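In this text, all values refer to a predicted model and were calculated from it rather than measured experimentally.
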Amino acid sequence: MPTTASTLLNPLSGPLRRGRAAAMVERNLFIYRHTWFVLAAEVFEPLLYLLAFGVGMGLLINGVPGLHDTAVTYPQFVAPALLATAAMNGAMNETTFNMFGKLKTDHTYESILTTPMTVRLVAFGEVWWALLRGFIVATGFLAVVSAFGLAHSAWILLALPGALLTGYAFASIGLLVVTYLRTFQDFQLIQLVMLPMFLFATTFYPLTVYPRPIQLLVQVLPLYHSIELIRQPFLGTPGPQLLISAVYLAALGTAALALAVRRLGATLRR
């Protein structure tokens with residue numbers, strides 16, 4: 001059945017006509033109301049990594065070399081990194097895979113922009129929704145690892161705003177990236193960047209295992225700062241690095257979002 005403006009906008013035609021960024025969140029909530037199992041699957045993926053690497057390899061490792069607190073077990077070290085990764089993937093999947101379909105296949109935004117909604121409001125709304133999605137995934141994973149007994153500090157509550165900031169940064173980056181994609185094959189280029197970053201941004205071992213030049217390179221990666229923002233409170237050792245990582249992610253997300261709005265407007269005018 002061909003997609004029409006009425007089928008895309010109802011039952012949210014009122015909010016969209018009023019031109020609110022929150023209307024995009026409402027629209028996505030309405031669409032996802034029967035497919036929340038997708039978010040459950042995104043919790044399941046980092047859980048598999050935790051079981052395979054955190055628990056499996058953790059049985060072979062007594063403590064984590066390079067940490068001041070030698071009492072930290074390997075599963076405790078890996079869990080917050082996987083939580084940051086869950087927030088990253090949850091947000092970025094929304095503004096890359098899902099938005100690409102809306103842009104190139106369904107032409108969803110062409111219909112939405114016939115209302116008072118602007119490109120800026122659409123972009124902000126999609127980032128808010130992606131941020132919410134990443135936050136839901138991260139919260140679900142945090143509940144799971146807490147049930148496993150890996151969380152021992154009240155500082156762990158700071159991991160949730162850390163997940164929000166991670167979602168914001170990567171949702172904005174994803175929104176910028178999707179404006180450059182031409183076909184579904186281009187998603188392989190995203191994986192070419194995301195997979196090495198996941199493996200080497202201190203997800204499975206501390207920064208100290210690298211030579212100094214590699215450490216400097218790792219410290220530029222946004223996932224490294226996301227992991228630091230969540231790992232420190234998770235382990236009960238918050239420090240000044242939290243502020244540095246928070247400012248880094250906020251600045252990166254804001255810059256990416258500003259450029260993405262311009263790019264998205266140009267893409268939709270073609």
Side-chain angles (χ1 to χ4, degrees), residues 1-39 41-42 87-137 164-190 194 250 252-270:
M1 179 181 294
T3 303
T4 64
S6 60
T7 58
L8 284 169
L9 302 185
N10 286 329
L12 300 173
S13 55
L16 289 173
R17 289 197 186 102
R18 291 194 293 273
R20 297 187 292 111
M24 295 301 302
V25 179
E26 294 177 46
R27 179 184 182 278
N28 284 310
L29 284 170
F30 177 78
I31 292 172
Y32 274 84
R33 71 192 191 283
H34 296 309
T35 57
W36 288 105
F37 62 86
V38 175
L39 300 184
E42 291 184 354
M88 174 187 74
N89 288 337
M92 196 163 179
N93 285 345
E94 184 63 37
T95 54
T96 52
F97 289 99
N98 291 348
M99 275 198 68
F100 184 80
K102 296 176 185 178
L103 278 171
K104 303 295 185 180
T105 306
D106 300 332
H107 303 288
T108 302
Y109 301 117
E110 294 177 10
S111 298
I112 290 176
L113 291 175
T114 62
T115 73
M117 293 289 290
T118 65
V119 171
R120 181 181 296 272
L121 289 174
V122 168
F124 287 177
E126 291 289 24
V127 167
W128 289 357
W129 164 245
L131 189 155
L132 176 61
R133 175 175 169 171
F135 180 74
I136 292 172
V137 171
L164 277 173
L165 197 51
T166 297
Y168 170 65
F170 281 98
S172 300
I173 292 171
L175 183 62
L176 176 60
V177 168
V178 79
T179 62
Y180 288 96
L181 301 181
R182 300 158 298 174
T183 65
F184 281 103
Q185 284 71 30
D186 289 342
F187 282 101
Q188 296 299 321
L189 299 176
I190 298 178
M194 298 295 287
L252 179 63
T254 301
L257 180 58
L259 183 56
V261 170
R262 296 177 57 186
R263 290 276 312 167
L264 184 61
T267 299
L268 291 172
R269 285 192 293 268
R270 291 174 187 170

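Nearest heavy atoms, T95 versus A130: CG2-CB, 3.7 Å. Taking each heavy atom of L175 and T179 in turn, the nearest pair found is O-CG2, 3.4 Å. Residues L181 and K104 share a closest heavy-atom pair of O-CE, 3.5 Å. When all heavy atoms of L176 and A256 are compared, the closest pair comes out as CB-O, 4.0 Å.
Put simply, the side chain of V137 does not reach to within 4.5 Å of the side chain of N89, judged on heavy atoms. When side chains are defined from C-beta on, W129 does not count as touching M24, because their heavy atoms never get closer than 4.5 Å. Contact of the Y109 side chain with the V119 side chain is not registered, since no non-hydrogen atoms from C-beta on lie closer than 4.5 Å. Between L103 and L264 there is a side-chain heavy-atom pair separated by less than 4.5 Å. Proximity of E126 to N98: side-chain heavy atoms (C-beta onward) are nowhere separated by under 4.5 Å. The shortest distance between side-chain heavy atoms of R133 and N28 does not fall below 4.5 Å.
Atom-to-atom distance recorded for T118:OG1 and I112:CD1 is 11.5 Å, nearest 0.5 angstrom. Here the CZ-CG distance, from R120 to L257, works out to 8.0 Å after rounding to the nearest 0.5 Å. In this structure, CG in L165 is found 10.0 Å from CG in L252, a value given to the nearest 0.5 Å. Annotation: the span from E94 atom CD to L131 atom CG amounts to 11.5 Å, rounded to 0.5 Å. Here the OG1 atom belonging to T254 is positioned 3.0 Å from the OH atom belonging to Y168, to the nearest 0.5 angstrom. Going from atom CG of N93 over to atom CE of M194 covers 8.0 Å, rounded to the nearest 0.5 Å.
Using cut-offs of 30° and 60° on the angle between ring planes, the pair F100 and F184 is perpendicular.
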